[in-house]
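A quick write-up on the structure given underneath.
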Amino acid sequence: MPELPEVETIVRGLRPTLRDREITAVWSSGFALRLARAVDLPGLRAVSVGRRITDVRRRGKYIALVTSPRNARTPAARRAKTSTARAAADEGVCIHLGMTGRLRVQPATEPRASHTHVVFSLAGGDELRFVDARRFGWVAPGAPLASLPALAQLGPDPLSELDADGLARELDGVRAPIKAFLLDQTRIAGLGNIYVCEALFGARIHPTTPAGRVRRRAPALLAAVRATLEGGIARRGTTLRDYVDAEGFAGDNAGALLVYGREGQPCSVCATPIRRRVDAARSTFFCPRCQRA
């Protein structure tokens with residue numbers, strides 16, 4: 001599943017192409033997406049058709065297409081005086097890529113790929129196409145975006161909204177394993193299995209350590225999380241199978257992974273073979289010497 005670096009890479013690729021483009025139509029394949037939920041086509045049209053895309057943002061692992069207000073003189077628009085209030089009132093489209101979702105801008109004259117499920121027609125002859133072979137992703141209207149439960153329940157962003165003191169407070173008294181803590185999107189938004197394994201290795205913390213015991217190491221843990229994420233973004237994401245960026249290219253971060261997917265290979269620090277265990281049906285990779293239990 002695309003994690004924060006992959007989603008951020010896609011957002012940075014789409015933003016200059018989509019900003020100030022008007023959406024003229026929305027099409028759906030008619031197939032249900034995540035959890036067999038039908039695409040709300042009338043809702044998508046209501047928040048997008050006839051409006052400009054004013055911004056493309058990332059929130060955790062979600063992509064938000066922010067659209068211009070339909071009527072800037074509405075009471076809600078008049079009340080939105082501060083940047084915070086404006087963000088809370090923003091309407092648009094929320095997208096989650098699921099396991100195999102892809103989001104690309106292509107000429108309307110180009111044939112649509114198999115498994116194309118939602119298409120936003122853009123003024124000028126292009127289309128923003130959501131393609132998802134396994135249909136674990138979803139596309140939903142937000143009026144406003146902040147009201148969507150998936151976005152409202154997210155924790156702080158580790159790159160821009162979290163500091164070491166805040167992380168220490170969140171860790172205090174938590175008995176759950178530190179890996180499970182970091183994967184909980186209500187605690188920290190955007191982290192996934194690959195980058196959590198890498199960050200815990202960077203901080204030299206065993207993945208089963210109770211989160212509360214890591215409280216005093218919060219600065220080192222946050223630094224490792226940020227370094228891991230920033231490295232992933234700089235290398236345009238990790239492609240293990242399906243992920244491609246907004247231009248259709250694979251990411252370059254897989255070759256930089258130090259523990260994930262390297263079971264049995266020597267640790268880059270101490271040469272001890274990397275181990276793999278299964279936690280909550282997910283593979284966990286770690287060095288038993290550098291990350292002592």
Side-chain angles (χ1 to χ4, degrees), residues 1-2 5-59 61-70 90-145 148 150-151 236-237 239 241-251:
M1 179 181 292
E6 289 74 46
V7 176
E8 180 67 22
T9 299
I10 291 171
V11 165
R12 293 183 185 187
L14 290 176
R15 186 180 290 129
T17 304
L18 291 179
R19 187 176 277 169
D20 291 328
R21 301 286 293 275
E22 181 184 347
I23 298 173
T24 59
V26 184
W27 171 89
S28 168
S29 67
F31 287 98
L33 296 178
R34 187 178 183 181
L35 300 178
R37 291 183 294 190
V39 173
D40 182 1
L41 196 54
L44 290 176
R45 287 169 174 161
V47 298
S48 63
V49 174
R51 305 193 193 194
R52 291 180 303 102
I53 298 173
T54 60
D55 201 4
V56 183
R57 301 174 187 163
R58 178 190 57 77
R59 184 75 177 93
K61 301 177 188 178
Y62 296 87
I63 298 170
L65 306 178
V66 182
T67 56
S68 58
R70 186 172 295 280
D90 282 339
E91 296 185 351
V93 178
C94 184
I95 300 168
H96 192 283
L97 298 173
M99 298 290 290
T100 58
R102 298 181 176 188
L103 199 59
R104 294 187 59 196
V105 175
Q106 296 175 287
T109 54
E110 259 185 37
R112 292 174 182 171
S114 300
H115 309 295
T116 299
H117 294 298
V118 182
V119 174
F120 297 89
S121 298
L122 305 172
D126 291 330
E127 293 180 342
L128 175 63
R129 300 172 178 177
F130 177 74
V131 181
D132 189 359
R134 298 184 68 181
R135 287 190 279 146
F136 287 167
W138 58 274
V139 182
L145 286 162
L148 291 172
L151 298 184
R236 301 171 30 262
T239 298
R241 186 172 61 183
D242 297 298
Y243 163 74
V244 295
D245 65 15
E247 286 75 43
F249 297 108

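Considering CZ of Phe120 and CG of Leu103, their distance stands at 8.5 Å, rounded to 0.5 Å. Here the straight-line distance linking atom CZ of Arg19 with atom CG of Leu14 works out to 12.0 Å at 0.5 Å rounding. Distance OG1/Thr100 to CE/Met1: 10.0 Å, rounded to 0.5 Å. Separating the CG atom in Leu128 from the OG1 atom in Thr17 is a distance of 10.0 Å, to the nearest 0.5 Å. Within the model, atoms CZ of Arg58 and CD1 of Ile95 stand 15.0 Å from one another, a figure rounded to the nearest 0.5 Å. Interatomic distance, Arg15 CZ to Asp55 CG, rounded to the nearest 0.5 Å: 5.5 Å.
Here Glu127 pairs with Arg112, Arg129 under the side-chain hydrogen bond (donor to acceptor under 3.5 Å, both in side chains) rule; sequence neighbours left out.
Aromatic ring pairs are classed by plane angle as parallel below 30°, tilted from 30° to 60° and perpendicular above 60°; the pair Tyr62 and His96 is perpendicular.
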Inset, instruction - Take Tyr243 and Leu97 through the test side-chain contact (heavy atoms from CB on, under 4.5 Å) and record every step on the way to the result. - result: CA-CA 10 Å; Tyr243 163 74; Leu97 298 173; 5.8 Å; no
Legend entry - CA sep, side-chain torsions, deciding dist, call: Ile63, Val7, side-chain contact (heavy atoms from CB on, under 4.5 Å): CA-CA 7 Å; Ile63 298 170; Val7 176; 3.5 Å; yes
Inset, instruction - Tell me, with the steps shown, if Asp242 and Arg134 meet salt bridge (Lys or Arg N to Asp or Glu O under 4.0 Å). - result: CA-CA 11 Å; Asp242 297 298; Arg134 298 184 68 181; over 6 Å; no
Legend entry - Chi angles and distances behind the side-chain contact (heavy atoms from CB on, under 4.5 Å) call for Leu65, Ser48: CA-CA 9 Å; Leu65 306 178; Ser48 63; over 6 Å; no
Inset, instruction - Would you check, one step at a time, whether the test side-chain contact (heavy atoms from CB on, under 4.5 Å) holds for Arg57 with Asp90? - result: CA-CA 11 Å; Arg57 301 174 187 163; Asp90 282 339; 2.9 Å; yes
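Contact detail for Leu33 and Val139: the closest heavy-atom pair is CD1-N, 4.1 Å. The two residues Ile10 and Ala246 come nearest to each other via the heavy atoms O-CB, 3.9 Å.
Contact check for Ile23 versus Leu122: side-chain heavy atoms found under the 4.5 Å cut-off. Looking at Leu44 and Val93, their side chains come closer than 4.5 Å, going by heavy atoms from C-beta outward.
For the pairing with Asp245, the salt bridge (Lys or Arg N to Asp or Glu O under 4.0 Å) check across Arg104, Arg102, Arg12, Arg236 returns one residue only, Arg236.
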